[in-house]
Amino acid sequence: MKVSPLEYEVEFFKEKGFTRLRGSICQEHYWTLNPELREPQDVPCVDYWFDKIPSSGPLTVSEARRKFIDFFVRRGHAEVPPRPVVARWREDLYLTIASIVVFQPHVTSGLVPPPANPLVISQPSIRLEDIDNVGLTLGRHLTIFEMAAHHAFNYENTYVYWKDETVRYAFEFFTKELGIPGDLIVFKESWWEGGGNAGPSFEVAVGGLELATLVFMMYKTVNGSYERIPMLIVDTGYGVERMAWFTQKTPTAFHAIYGDLVERARDIVGMERPGEELLLAARRAAGKLDPDSPESVKAYFERVAREVGEDLEKVRRALTAEARLYSVLDHTKALAFMLADGIVPSNSGEGYLARLVARRALRQLRLLGSSAGLKELVAMQIDLWGRDFPQLRENAAYVLEAVELEEARFREALERGRRLLERELSRARSIGLEELVKYYDSYGVPPELVAEVAKGAVVEVPHNFYSIVAARHRSPRSLGKGEAGIEERIRSWASQFPPTRKLYYEDPYLRSFSARLLGVMDNLVVLDSTAFYPTGGGQVSDVGVLRIGGKEHRVKGAFLVGDVVVHELEEKPVGGGEVHGEIDWERRYKIMRHHTATHALLGAARRVLGAHVWQAGAEKTEEKGRLDITHHKPLSREEVRKIEELVNSVINQRRKVSARLMEKGEAEAKYGFSLYQGGVPMSKVIRVVEIDGWDVEACGGTHVSNTGEIGGFRIVNVERIQDGVVRLEYVAGTRVSDVARAAEERLEEIGEMLGASRGQEAERLKSLLASFEELKAVADQYRKSWAEGVKRELRSAEKVGGVRLVVTESPEQSRERVQEALKEITDEEPEALVAVIMRGREAAALEVAAGRAAAELNVGELVRRAAHALGGRGGGSRSYGSARLPAAVGIEEVRRALLEALR
RNA sequence: GGGCCGGUAGCUCAGCCUGGAAGAGCGCUCGGUUUGCACCCGAGAGGUCCCGGGUUCAAAUCCCGGCCGGUCCA
């Protein structure tokens, strides 16, 4: 888009005497007080030289954050606490990647007012797209960072502030709070786009380091063009870690962020400390380093080597090792935050992202030649950041256990891969690119490990290895989800009606009601109010009857289109006006019990297993409830029992269950994001269901009013349905009795089959098994004597063409048994040629085997010819054959055919 | 949610491409040898070839469907 220069003309610049210049290398426009600054002072146009720029004194990450927040609080901004790094309130994002994410989509779309306006926040954020560059750039790339931000939301009728004030704040903060000389601060003109929005922006850079981005969100992107949105949003992002780096002037950002943790981690890994000179030279050069370009990386190493007067290889090795150490620090911090916010590592969803980070950290450790584990490092991160982020300490036990488990899994995967690879190598094959990709993609073995195991037999690993892998995964775009497959025709018809009054919310115990008929299309009916609960939130819809025009119609179900409840009848009704409805109450009550039981169960599971337990799916029907929860390992019998007992005691405590509508922001502030167990409602007001002192969730279902009404609870099945997800199935209320009866009836049935009286089933089965063993032994005896008989017959049989032929019938119909017997006979009688007929109803099967002395015979061919002569088909190998013959074939007939074929 | 790999003895796996009597190593049991600890020799037990269907005279093997595990990517 062609951006008008007017977008960047700010009153403050004129007032202060800023000039607009254009860089000679980077060709971008920027605003400065100092025309001597020939470039916009940003990577990759200049070296880092911020260490030469004065500041008001070194700040830790924690201090820089505090300073920022206090500055804006003093200027009328309200402090908003940070959210989790897992974006639970977003359906389209796994991780919180910026502070603005906190306010999307509800605030930015204008649906919900912000918690304060203007506001200030410091939001821990995680971005994984640059994970491979972490470390090498000495801190420009991080997976986890804090984005400090002040936001202002300007509505059509409420103006807060816009560009001018935002730029003033930035200038004032950097000069007064950080002590940066104003003539070294550069505002580079830029354009920002993301999440469907766009707008002009300034990148604020000092001495090569970009310290902040000031975005003025004012467009939305529509098919590649821009449309003004009614809101004007000030979206800023100040890098807290960069402020710490800038003020501490340490060789790398990691030293500024982690302090002495860098050296402690170095000791754990067992690395030498590089000379200060090397790191300082690296920092100067890192400003122009483009980690995605092999040429730029090469030039970077060469320049550092030249400046410190060292051997290039030595420098490359030292800096690569440093980069690995730094990325281990970065990844262990990201992992601590991800796990503490409740991610369970798995092979899909956000769980996979945690696994990705853990495995990359482990790989870096391996490449450093260290056998150190992640656990100790993660524990150190919890220690370092736990004061500012208490969730780290609260969930430390789970975090460390999950880390340990991930490590074990990775080791197992590598072990498996190593065995496969060694086998492959023993077949003296060389390892090419194709194999490298296969080992990584299918078995999780990174290419450098393949190279290590395969030694010389491996091709070079291409630098774009991971994009080669990624290319294999490019899949056709998935279809847009659409609202659960409701036909467009129905959708547009239904949406013309006013919202249905939801009587099932006003009184979940309402069984019958009167309403006015608003519309009919085929068998679909819309009323002005209804007690029929429409399918949603994992709760199945009600069924029942509607009396329309004097005739009763069965209601098969109901569903929601927007705010309109659509009833699905068995046939099209006639007439209209007053309608009387009645729901199937027995069914509904069972569903309500299961639904409330689900909430009680989730509360119990979180208490027994930990706060990382989240609902991963649920269904409540008349028969049973089903709840999928995130958890990193299978539940023990003991844990299941504890959870069940806990739910039953909640039932006995007769806790109050209440549902009420709350302002979204208010509910979040009061209860946290564990509200959103079943997804995030896109509305200003949400319905909050609370079991007093036990569980609070945003939920649109119907519930009993007291846990006592659940009436009883029994977990009937537990299974692991996916890595990191455990499924619980359970029944409540009178269904407990149904399930108990069904179990009893099953036992009775078994008892009857066993002929055992009540309570004697196990004894009876034991003795039956004993007699079964006895019978098996007897059958073996018979088999043996049958085989002996065949052998006797063989010995007395006439020798024809070097073999003795016996044709006989088997009392058993099992191919396998006959083969077993034939094997024994032919092993013992080398000259044997034995044919066994097994007679079935439709056809007879023939099995023929020969002993060793009959080696020159081709049994398969023999059988093929004989079978053909007898009107069947057959074949086989040199020593064994089988055929299918007409059912009535006689022994003598078979003998003659075989003899015929023999000559 | 999708791609790729896999499921055979207690364990680790071969056999599958090219259909024809289910194998190896380790472990286990017994016997011998030895009496220095991953010793050697011999014998033996141990199988729903993941499940279901199809093709075929014949399926661990080929085809279809399902279940389970691993792994990479959204």
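Each chain gets a letter, A, B and so on, in the order the sequences are listed, and its residues count up from 1. Source: prediction; values computed, not measured.
Under the Watson-Crick or G-U wobble criterion, with both distances below 3.5 Å, B:U71 is paired with B:G3. When both distances must be under 3.5 Å, the Watson-Crick or G-U wobble mate of B:G27 does not exist. Searching all strands for a Watson-Crick or G-U wobble partner of B:A59 with both distances below 3.5 Å returns nothing. Using N1 to N3 plus N6-O4 or O6-N4 for Watson-Crick, or N1-O2 and O6-N3 for G-U wobble, each under 3.5 Å, B:A21 pairs with nothing. Nucleotide B:U48 forms a pair with no other nucleotide shown, judged by Watson-Crick or G-U wobble geometry with both contacts under 3.5 Å.
Remark: the separation of the P atoms in B:C26 and B:C39 is 11 Å, to the nearest Å. Look at the P atom in both B:G19 and B:A58: the space between them is 15 Å, to the nearest Å. For the P atoms, the distance from B:G15 to B:A9 is 15 Å, rounded to whole Å. Nucleotides B:U8 and B:G52, compared at atom P, are 16 Å apart to the nearest Å. B:C40 and B:C50 have their P atoms separated by 33 Å, given to the nearest Å. Nucleotides B:G44 and B:U48 are separated by 23 Å at their C1' atoms, to the nearest Å.
Distances shown here put every side-chain N or O of A:R873 at or beyond 4.0 Å from the OP1 or OP2 atom of B:U56.
Residue A:G417 is out of contact with every strand shown, counting any heavy-atom pair closer than 4.0 Å. Counting any heavy atom pair closer than 4.0 Å across all strands shown, A:R864 reaches no nucleic acid atom.
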Per-nucleotide protein contact string for nucleotides 66-72 of chain B (B base, S sugar-phosphate only, - none; heavy atom under 4.0 Å):
---SBBB
Could you encode protein contacts along nucleotides 15-26 of chain B as a string, one character per nucleotide from 5' to 3', using B for base contact, S for sugar-phosphate-only contact and - for no contact, with a heavy-atom cut-off of under 4.0 Å?
-----BBS----
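Scored by the side chain to side chain contact (heavy atoms under 4.5 Å, CB included) test, A:D827 finds A:K823 as partners (sequence neighbours excluded). With sequence neighbours excluded, no residue forms a ring-ring contact (aromatic ring centres under 6.0 Å, His included) with A:Y676. Under the rule for a ring-ring contact (aromatic ring centres under 6.0 Å, His included), the partners of A:Y466 that lie at least two apart in sequence or sit in another chain are A:Y440. With sequence neighbours left out, A:W89 forms a ring-ring contact (aromatic ring centres under 6.0 Å, His included) with A:F673.
Atom CD of A:E129 is separated from atom P of B:A74 by 10 Å (rounded to the nearest Å). Look at CD on A:E435: it is 17 Å from P on B:C4, rounded to the nearest Å. Atom CG in A:L420 sits roughly 9 Å away from atom P in B:G6 (whole-Å rounding). As a whole-Å value, the separation of A:R423 CZ from B:G6 P is 12 Å.
Environment of CD in A:E129: crowded, with over 12 heavy atoms of neighbouring residues, nucleotides or ligands closer than 6.0 Å.
A salt bridge does not link A:R852 with A:E831: none of the charged nitrogens is closer than 4.0 Å to a carboxylate oxygen. A:R815 has a carboxylate O that lies under 4.0 Å from a charged side-chain N of A:E847, or vice versa, which qualifies the two as a salt bridge. Salt bridge A:E793/A:R804: absent, no basic N to carboxylate O contact under 4.0 Å.
Between the side chain of A:D130 and the backbone N or O of A:H141, no donor-acceptor pair lies under 3.5 Å.
Looking at A:R727, A:R626, A:K624, A:E729 one by one, the single match for side chain to side chain donor-acceptor pair (under 3.5 Å) with A:N717 turns out to be A:E729.
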